[in-house]
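Note on naming: letters A, B, ... go to the chains in the order of the sequence lines (proteins, then strands), and numbering restarts at 1 for each one.
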Amino acid sequence: MDEIEVAVKKFSENRKSTLFDEYERLSVEIQLNQAMLRRSLSEPGTSMFRAHLGVGAPPLVQQPVEQGKRGTSWGNGLHKIVKKLLRPVFWKKKGRKNVHHHVEKEQQEPSRSKNNNDLKSWKRFSKSVSNSFRIQSYSSASNSSTLSLTEMKGEYQEYNSSKAKVKQLVDEIRATPPQERSKILDSMIEKQGESKTIGYINDLIMGLVMAEELDLALKLFDEMPLHGLSPDCWTYSILIRCYCKKNQPDEGKRVLDCMIENGFRPNVVTLTILVNSLCSRGRLQRAFQVLEIMGELGCNPNVQTYNCVLKGLCFVGRVEEAYDMLMGLKRKGDNDNEDSSSTNPDIYSYTAVMDGLCKVGRSGEAMELLEEAIAMGLTPSVVTYNALFNGYCKEGKPRKGVGLLKQMKDRGCVPDYISYSTLLHGLLKWGKFMAAYWVYKEMAEVGFKVDGRMMNTLLRGLCRKSWNEQELFKFVDEIYAKMKSWDYSVFPDTYYLVIQTFCIRKEVDMALITLKEMIEAGYFPRMVTINRIIRGLCKEGKISQALSILVLVCEAGKFPSKISFNILIDEFNRQGFVLGACNVYGAALKLGIIPHQIPSSSQQIKLP
DNA sequence: CTAGGGTTAG
């Protein structure tokens with residue numbers, strides 16, 4: 001009697017507790033249950049479960065996440081298997097298909113993604129850094145040269161002022177809101193009055209192009225006759241650049257024709273911009289036309305031009321031709337050393353072809369090219385290695401990638417974020433979790449943050465692996481702790497595997513803590529997870545805690561599975577608490593579930 | 001009288 005009074009008191013004291021004290025409350029409740037169970041042996045007919053299995057219990061979790069969102073577990077599993085089986089075929093097809101896709105409907109291919117913008121702004125930034133460096137080195141070089149002071153000053157100012165003017169214009173344009181830019185522009189031209197020169201307008205158009213105000217730049221060009229100015233060579237060059245930026249290389253080609261008609265001779269640089277724009281959209285035919293024009297003009301393409309073509313050939317899948325072209329360039333360099341120094345293949349050329357080979361699954365040949373480049377005295381860059389990593393990882397040889405990583409470090413090339421994440425992604429994709437762990441480790445040491453999705457995958461992989469190799473438990477703990485400290489979101493199926501791993505390790509307490517964390521994160525565990533924990537608790541004989549989990553499920557408004565009841569009844573039977581087993585059975589029936597397991601008294605009944 | 005060009009992952 002005493003016992004029950006104490007338990008009831010504790011129970012009512014804890015009734016109003018908050019969500020996260022639920023466990024404490026439940027355990028008190030269980031104490032009450034046990035007391036009542038003992039009593040019910042002498043007073044038959046007391047149903048101890050009425051209290052919390054009855055109707056009207058408050059939901060435990062405020063807004064449980066719907067579990068069935070991703071379909072049934074069976075459907076999900078099947079989907080995964082099919083996906084896995086198709087994967088090696090899939091990427092190849094996808095790659096090729098894309099290529100043709102680009103060739104045929106090239107008109108509609110706007111900006112790629114937000115990421116691209118980041119890249120662009122980064123490029124802009126790094127370019128401005130290198131430009132300012134160039135100016136610096138220029139001035140210091142002039143200082144030590146034999147130029148007279150006035151000459152030097154003049155040259156320096158001239159060089160600097162044109163650039164600075166354009167840069168200032170760009171800043172000004174950027175500072176004004178987009179709608180007012182047109183007005184500002186008009187007033188700027190107005191202010192110039194009669195003294196406007198072609199140079200000024202050119203700077204203006206250039207500034208607009210650099211500030212991505214391409215339509216305004218075109219408008220200004222159209223208005224040039226109104227100001228009594230006619231375009232010069234530089235104006236046309238900027239215009240071509242503008243159309244290339246607008247992703248309308250065909251228009252650019254038209255400007256080129258017009259330019260030549262008017263007797264202007266474009267530069268290699270301008271032509272290369274055009275070739276690049278054509279190639280990167282897969283318009284190889286046009287690009288070759290431009291090359292022909294270059295030949296006619298006697299304006300020889302240089303490495304940069306050829307590199308653009310190489311890239312273009314690879315892009316549309318004509319890797320073989322790209323390879324031949326590279327070999328041709330190399331041979332040309334070997335034969336006549338006089339005038340070919342500007343067309344000798346450099347590391348960019350090799351990288352372009354290697355990337356092409358890797359994308360069609362010929363990373364072996366790409367590797368040979370790497371050796372060749374090194375033998376030629378070229379220094380492979382990070383990008384070169386990254387292309388190879390990508391190839392290896394797509395072909396399912398991520399281990400070779402690990403070897404390459406070591407090689408590149410030995411050769412003094414520092415891997416960047418892309419190197420590591422490509423490799424890590426590949427290792428995870430092909431199930432090499434230990435290798436992936438070591439790559440992760442290295443990344444963390446260097447100071448790179450691993451993407452949250454990959455961390456989830458890594459953790460899941462390590463969990464599964466640790467079931468057979470217990471020495472991996474510490475890695476699981478490490479990764480899980482890291483994810484929590486980084487505030488990464490742990491996915492529901494990852495939680496499930498961590499919980500299951502704790503159960504297998506016979507650390508049910510940790511499993512319970514993880515379950516609590518999972519609920520706090522806003523996920524309600526699937527029944528499999530629930531059953532896993534109930535089974536784990538039962539194995540340790542902690543049947544009251546196991547019961548509390550079942551209660552938790554009911555109070556959350558979830559429908560417990562038959563298996564949960566089976567496990568509990570089985571355990572009650574095993575411990576000899578037939579009445580407990582009967583009560584659980586009864587509770588199940590009340591919910592409309594008929595457990596497979598039946599209360600049995602095969603063992604001797606324990607009396608308290 | 002000069003400006004101005006090229007490479008990488010999911």
### Query
B:dT8 C1' sits how many Å from A:Tyr417 OH, rounded?
14 Å
### Task
Look at the rings of A:Phe475 and A:Tyr437 and say which category their plane angle falls in: under 30° parallel, 30 to 60° tilted, over 60° perpendicular.
tilted
### Task
Can you figure out which of B:dA9, B:dT7, B:dT8 approaches the side chain of A:Tyr348 most closely?
B:dT7
### Message
Can a side-chain donor-acceptor contact be found between A:Thr272 and A:Gln304 if the only test is distance below 3.5 angstrom?
### Response
no
### Query
Could you give the CG-to-C1' distance, from A:Asp232 to B:dT2, as a whole number of Å?
12 Å
### Query
How would you label the contact of A:Ile273 with the nucleic acid (heavy atoms, under 4.0 Å): base, sugar-phosphate, or nothing?
sugar-phosphate
### Message
Does B:dG10 have OP1 or OP2 under 4.0 Å away from a side-chain N or O of A:Lys394?
### Response
yes
### Query
Where the side chain of A:Asp355 is concerned, which of B:dT8, B:dT7, B:dG4 is the nearest nucleotide?
B:dT8
### Message
Using a 6.0 Å cut-off, check whether atom CD of A:Glu371 has over 12 heavy atoms from anything other than its own residue.
### Response
yes
### Task
Quickly work out the A:Phe315 CZ to B:dT7 P distance and round it to whole Å.
13 Å
### Message
Quick check for you: among B:dA9, B:dT8, B:dT7, whose closest atom lies nearest to any side-chain atom of A:Thr422?
### Response
B:dA9
### Task
State whether a side-chain donor-acceptor pair under 3.5 Å links A:Tyr236 with A:Asn262.
yes
### Message
How many whole angstroms separate atom NE2 of A:His425 from atom P of B:dT8?
### Response
19 Å
### Task
Please state how far atom CE in A:Met206 lies from atom C1' in B:dG5, giving the value in whole angstrom units.
11 Å
### Task
Side chain of A:Thr272 only, please: which of B:dG5, B:dG4, B:dT8 is the nearest?
B:dG5
### Message
Rounded to whole Å, how long is the line connecting atom CG of A:Leu239 with atom P of B:dG4?
### Response
18 Å
### Task
Measure from CE on A:Met454 to C1' on B:dG10 and round the result to the nearest Å.
8 Å
### Message
Ignoring hydrogens and geometry beyond distance, is the side chain of A:Asn267 in donor-acceptor contact with the base of B:dG5 at under 3.5 Å?
### Response
no
### Task
Indicate whether any N or O donor in one side chain lies under 3.5 Å from an N or O acceptor in the other, for A:Asp232 and A:Thr235.
yes
### Query
When the distance from CH2 of A:Trp234 to P of B:dC1 is rounded to whole Å, what number comes out?
16 Å
### Query
Contact class for A:Thr384 vs. all strands (heavy atom < 4.0 Å): base, sugar-phosphate, or nothing?
nothing
### Query
Does A:Lys165 place a side-chain N or O at less than 4.0 Å from the phosphate oxygens OP1/OP2 of B:dA3?
no
### Message
What I want to check is whether an N or O donor and acceptor connect the side chain of A:Asn302 with the base of B:dG5 at under 3.5 Å.
### Response
yes
